[in-house]
Amino acid sequence: MITQAAPPTRPPAVVPPKPAARRRKRRPDLFRTLSRVLIMLIVVVQVYPLAWLFLTSLRTEQDFASGDPFALPGSLTWENYARAFETGDLGRNILNSFVVTMGANVMIVLLGMMAAYAIQVLGFRLSKLVRGLFLIGIIVPVQIALVPLFIDYSQVNLLDTYQSMIIPLAGFSLPMSVYLFSSFYEYIPRETYEAASLDGAGPYRIFGLITLPLSVNTVVTVVLVNSIFIWNDFIFANTFVLSEDLKTIPLGLQNYIGAMGKVDWTATFAAVCVTITPLLLVFLVLNKAMIQGLESGATKG
């Protein structure tokens with residue numbers, strides 16, 4: 001018996017992709033490429049000043065004075081860092097800035113959390129109005145408080161003290177902190193507080209056992225954002241500090257200006273590198289917690 005072979009099957013025709021589909025594929029690729037290029041440009045703009053500052057702090061004084069200030073160093077030396085500590089009281093300046101920054105942050109966190117807890121969680125009749133008044137404080141310039149505060153401090157003997165810097169720094173940073181904390185508390189489920197209240201927990205216990213542990217990322221965000229402003233403060237320190245013993249870093253950098261306005265630039269750059277290193281390291285370690293705090297608070301408010 002002879003069987004007939006099956007007729008050969010034709011391969012399926014290849015349909016070329018439509019032009020519209022190609023455009024859809026190319027657009028995401030182009031957008032991704034442009035995004036990466038833009039991110040690289042931003043990184044270069046942000047990193048270049050730090051790299052230039054560090055390299056310049058290692059240049060010799062003659063190399064910086066006679067050559068191009070933006071050129072690569074011809075020779076490297078660590079003597080600038082030793083001269084930075086000899087010329088100015090850099091260690092004491094860093095300690096003073098640390099005390100002021102920590103003291104102001106403690107006040108900002110405690111007062112900001114309690115104010116936001118009262119406004120957003122406990123609630124009262126004029127809570128929205130009070131929150132609006134706090135937000136108005138964000139746009140108030142710090143310069144308008146210098147003369148009244150100087151007069152008040154002189155009457156109560158607070159001039160040339162840590163408190164004279166900590167109190168106004170905390171006060172002007174409080175509105176933004178209240179906004180961040182209240183925005184975060186707004187998205188904590190009300191059922192959590194109701195369940196704790198039914199179990200017999202009062203407002204103070206609820207604040208300590210529920211609200212405070214949930215606010216860790218927001219606390220880190222508030223501390224880092226305000227620390228940059230407080231660490232670099234010059235206005236309040238220059239107005240209320242009268243002695244060398246309480247000078248903070250911005251005031252201490254003035255010690256590197258010599259007679260006739262001569263500036264020891266390489267030692268100054270070395271001092272700046274030393275002063276920004278602690279804040280930079282803390283920011284690099286806690287940046288993830290800061291981003292989570294912003295996402296859970298400020299961007300939802």
Side-chain angles (χ1 to χ4, degrees), residues 29-88 90-91 93-94 97-98 100-101 105 142 169 173 176 220-235 237-238 247-258 261-295 298-299:
D29 294 338
L30 180 61
F31 178 76
R32 190 180 298 108
T33 303
L34 292 177
S35 300
R36 292 176 179 176
V37 172
L38 180 61
I39 292 173
M40 291 299 297
L41 290 176
I42 295 175
V43 170
V44 170
V45 170
Q46 295 292 328
V47 173
Y48 172 75
L50 296 176
W52 177 82
L53 179 66
F54 177 71
L55 291 176
T56 306
S57 68
L58 297 177
R59 297 179 67 174
T60 60
E61 193 173 2
Q62 296 78 11
D63 183 24
F64 180 80
S66 60
D68 184 3
F70 297 99
L72 293 176
S75 59
L76 302 179
T77 179
W78 293 96
E79 295 180 358
N80 298 327
Y81 287 86
R83 196 166 67 255
F85 282 92
E86 293 174 359
T87 303
L90 192 57
N93 298 148
I94 295 175
S97 292
F98 179 78
V100 173
T101 302
N105 276 319
V142 299
L169 287 170
S173 301
M176 180 59 71
V220 173
T221 303
V222 170
V223 169
L224 287 180
V225 170
N226 291 313
S227 294
I228 298 173
F229 165 68
I230 297 170
W231 189 266
N232 297 321
D233 170 68
F234 179 80
I235 296 177
N238 189 48
K247 280 189 174 183
T248 56
I249 291 171
L251 294 182
L253 293 178
Q254 293 179 334
N255 295 330
Y256 299 95
I257 301 177
K262 182 181 179 181
V263 182
D264 189 352
W265 288 111
T266 53
T268 303
F269 291 142
V272 173
C273 287
V274 173
T275 56
I276 67 174
T277 300
L279 199 62
L280 185 62
L281 292 177
V282 172
F283 180 80
L284 292 176
V285 172
L286 300 178
N287 68 88
K288 291 185 179 180
M290 178 180 176
I291 294 173
Q292 292 177 0
L294 289 173
E295 291 177 348
T299 56

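None of the values given here were measured: they were computed from a predicted structure. Numbering of residues begins at 1 and proceeds along the displayed sequence. Values reported hereafter were calculated over all heavy atoms of this structure, with side chains retained and with hydrogens, waters and symmetry mates removed.
Counting only distance, with no hydrogens or angles, the side chain of Ser173 and the backbone of Asn226 share no donor-acceptor pair below 3.5 Å. Checked by atom type and distance alone, the side chain of Thr275 pairs as donor or acceptor with a backbone atom of Val272 at under 3.5 Å. Listed for the Thr101 side chain is no donor-acceptor partner under 3.5 Å among the backbone atoms of Phe98. Within the 3.5 Å criterion, the main-chain N or O of Leu251 finds no donor-acceptor partner in the side chain of Asn93.
The distance from the OG atom of Ser57 to the CH2 atom of Trp265 is 14.5 Å, given to the nearest 0.5 Å. Put simply, CD on Gln46 and CG on Leu41 are 12.0 Å apart, with the number rounded to the nearest 0.5 Å. Atom CG of Leu38 and atom OG1 of Thr33 lie 12.5 Å apart (nearest 0.5 Å). In this structure, the separation between CG on Leu53 and OG1 on Thr268 is 10.5 Å, given to the nearest 0.5 Å.
A 4.5 Å side-chain heavy-atom check between Ile249 and Trp231 finds at least one atom pair inside the cut-off. The closest side-chain heavy-atom distance from Ile39 to Val43 is below 4.5 Å. Side chains of Asp233 and Val100 form no contact here, defined as non-hydrogen atoms less than 4.5 Å apart.
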**OP:** Apply side-chain contact (heavy atoms from CB on, under 4.5 Å) to the pair Leu58 and Tyr81, showing each step before the final yes or no.
**Re:** CA-CA 8 Å; Leu58 297 177; Tyr81 287 86; 3.7 Å; yes
Original post:
How far apart are the C-alpha atoms of Phe229 and Leu169, what are their side-chain angles, what is the distance that settles it, and do they pass the side-chain contact (heavy atoms from CB on, under 4.5 Å) test?
Top reply: CA-CA 9 Å; Phe229 165 68; Leu169 287 170; 3.8 Å; yes
Original post:
When you look at Gln254 and Phe234, which way does the side-chain contact (heavy atoms from CB on, under 4.5 Å) test go after all the steps?
Top reply: CA-CA 11 Å; Gln254 293 179 334; Phe234 179 80; 3.5 Å; yes
**OP:** For the pair Arg83 and Thr266, evaluate side-chain contact (heavy atoms from CB on, under 4.5 Å) and give the outcome as yes or no after the intermediate values.
**Re:** CA-CA 9 Å; Arg83 196 166 67 255; Thr266 53; 2.8 Å; yes
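What you find for Leu90 and Ala84 is that their closest heavy atoms are CB-O, 4.4 Å. Nearest heavy-atom pair, Ala271 versus Leu253, reported as atom, atom and distance to 0.1 Å: CB-CD2, 3.9 Å. Pairing each heavy atom of Thr248 with each of Ser97, the nearest pair is CB-OG, 3.3 Å.
Among the candidates Val274, Leu281, Leu280, the single residue satisfying the side-chain contact (heavy atoms from CB on, under 4.5 Å) test with Thr277 is Leu281.
Using a 3.5 Å distance cut-off with no hydrogens or angles, the side chains of Ser227 and Asn105 do pair a donor with an acceptor.
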